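For reference, the structure is listed below as structure tokens.
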Amino acid sequence: MKQKNQFLHHSDCFRFHITFALVLSVLGFTISCSALPNEITGKSDANNNMLLSTLLLFQLSQTNIPPTVKQNVTYTVSKSTFVYAQALSHSNWGTSTTSVVNLSLDSYLPDNAPTNRPAMVLIHGGGFTTGSKEDTNIVEMANYFASRGWVCISINYRLVSAYGTLSTAWGTYVLNSSLTPTEKQQSYAMYPAARDAKAAVRWLYANASAYGINTNYVTALGGSAGSFLANMLGITNASDFRDETLTLNDTTLSTTNLLAGSKIHTIIDHWGGINHMTYLQAITGQSRFDINDPPVSIVHGTADADVPFTQAEALRDAYIASGASYEFNPLVGAGHGAWTATINGKSLSENAFQFITTKQKLTVN
């Protein structure tokens with residue numbers, strides 16, 4: 001019995017020091033693991049340090065203590081480019097002639113911001129045909145949020161010209177649809193683009209500790225095709241666009257952090273749509289919408305000639321039916337890509353900031 005009590009004492013001590021170190025880390029302080037007593041584990045200093053460092057980083061990325069962000073520009077922003085995964089490009093849809101392509105992202109880090117940071121995945125538009133992570137409006141959004149404390153990544157993904165690997169079911173569904181030839185090309189491209197976007201989020205999760213990210217506070221934000229993907233990231237199942245049977249064996253999947261998380265906690269939808277979920281329901285017979293979907297801010301011009309306003313209404317109606325939280329922001333008279341629009345006197349960045357901080361209950365100062 002005495003030995004059991006001693007074990008409980010050591011366990012309580014371990015939890016105390018881990019919790020204390022975590023709180024200091026969240027508040028922006030640094031603590032050395034060597035300051036924690038050897039009696040915690042009975043192991044050497046080196047082993048203790050490695051174990052405690054790992055646990056501190058893990059608990060930091062999982063804690064429910066809300067991050068603190070700034071109302072105004074506070075931090076300088078450092079930009080870097082990374083390859084987040086590899087993928088296959090085919091000579092045409094479904095062919096066996098392939099090449100390996102690198103998938104890249106730009107990270108925007110808030111220099112000197114405390115750890116316990118929220119994160120944002122930003123996704124460019126272009127109808128799955130054009131566009132890049134350097135899209136001016138996406139870059140402006142990334143700098144806006146990073147300068148206030150977010151870790152932001154702007155991602156590239158495979159476009160139509162890459163002829164990315166399809167799932168067998170997706171390819172068959174699009175092939176047999178009544179879409180126009182152009183619409184079929186875009187619809188084919190939606191599948192590899194979604195696989196890539198999911199892989200980018202998993203990269204973010206896999207690298208959360210290195211960047212001080214709290215993975216309980218991740219937002220997906222896009223424009224046009226990028227918002228189709230942002231909606232997909234938040235609403236689909238973790239297995240969607242990851243585990244399907246493909247038309248060709250794809251060995252590059254091992255580069256995509258398959259075991260990492262991919263959960264999104266808020267969605268900022270700028271003139272996007274719900275076709276990923278519509279296609280999945282037609283293919284599998286199951287809706288992807290439910291009450292646990294992340295809150296979404298829907299922003300869409302009523303005169304959009306590229307992505308009809310009915311797409312915004314369909315997303316709103318799906319959220320109403322499921323009971324999940326949403327905000328509906330029609331831009332009366334606006335067309336597609338209305339990045340300079342305002343909502344109740346707020347820019348789109350300011351509106352997104354208010355939505356995210358409110359729904360995620362972030363601390364703002």
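These numbers were taken from a predicted model, which means no experiment stands behind them.
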Is any side-chain heavy atom of [X] closer than 4.5 Å to a side-chain heavy atom of [Y]?
X    : Y    : value
L315 : F289 : yes
W170 : H276 : yes
M232 : L280 : no
T252 : V100 : yes
R195 : T256 : no
Y163 : Q185 : yes

Can you see whether [X] engages [Y] through a side-chain donor-acceptor pair at a distance of less than 3.5 angstrom?
X    : Y    : answer
S349 : E140 : no
Q311 : W271 : no
H124 : S154 : no
K198 : T236 : yes
T219 : Q360 : yes
R158 : S89  : no

**Report entry** Distance in Å, D135 CG paired with M141 CE, rounded so as to fall on 0.5 Å steps
**Finding:**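 Separation between the atoms: 10.5 Å.
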
Query raised in the report: How many angstroms lie between atom CG of N216 and atom NZ of K263, to the nearest 0.5 angstrom?
Result: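 So the gap between those two atoms works out to 9.0 Å.
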
Query - Residue of the set T115, N116, N64 for which side-chain hydrogen bond (donor to acceptor under 3.5 Å, both in side chains) holds with N214 - result: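 With N214 as partner, side-chain hydrogen bond (donor to acceptor under 3.5 Å, both in side chains) holds for just one option, N116.
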
Whether [X] side chain and [Y] backbone form a donor-acceptor pair below 3.5 Å:
X    : Y    : answer
Q354 : N351 : no
N237 : R288 : no
R148 : Q71  : yes
S78  : L109 : no
N92  : T95  : no
H300 : V307 : yes
T358 : F355 : no
S177 : V174 : yes
T302 : G333 : yes
H270 : G222 : yes

Quick check: closest heavy atoms across [X] and [Y], and the distance to 0.1 Å?
X    : Y    : answer
L103 : A87  : CD1-CB, 3.9 Å
C152 : A142 : SG-O, 3.7 Å
Y84  : N156 : OH-O, 2.6 Å
L159 : A189 : C-CB, 4.3 Å
G345 : E350 : O-OE1, 4.3 Å

Report task. Let me know which of I356, T266, L348, N329 forms a side chain to side chain contact (heavy atoms under 4.5 Å, CB included) with S297. Result ->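 So, applying the side chain to side chain contact (heavy atoms under 4.5 Å, CB included) to S297 and each of I356, T266, L348, N329, only N329 qualifies.
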
**Report entry** Verdict with reasoning, Y173 to L166, per side chain to side chain contact (heavy atoms under 4.5 Å, CB included)
**Finding:** CA-CA 11 Å; Y173 175 77; L166 300 171; over 6 Å; no

Query raised in the report: Is N344 atom CG crowded by more than 12 heavy atoms from other residues, nucleotides or ligands, each under 6.0 Å away?
Result: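 Not buried by this count: 12 neighbours or fewer within 6.0 Å.
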
Requested in this report: Evaluate whether atom CG of N176 has more than 12 neighbouring non-hydrogen atoms of other residues, nucleotides or ligands under 6.0 angstrom away.
Outcome: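 Correct, the count exceeds 12.
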
Requested in this report: Please report the C-alpha distance between I123 and L233 in whole Å, then the side-chain angles of each, then the deciding distance to 0.1 Å, and finally whether the side chain to side chain contact (heavy atoms under 4.5 Å, CB included) criterion is met.
Outcome: CA-CA 11 Å; I123 316 173; L233 288 174; 3.8 Å; yes

Requested in this report: With sequence neighbours left out, write down each residue that passes side-chain hydrogen bond (donor to acceptor under 3.5 Å, both in side chains) with S287, or none if nothing qualifies.
Outcome: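 For S287 there are no side-chain hydrogen bond (donor to acceptor under 3.5 Å, both in side chains) partners, ignoring immediate neighbours.
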
Query raised in the report: Do F328 and V296 belong together in a cluster built from hydrophobic side chains that touch within less than 4.5 Å?
Result: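 Shared cluster, yes.
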
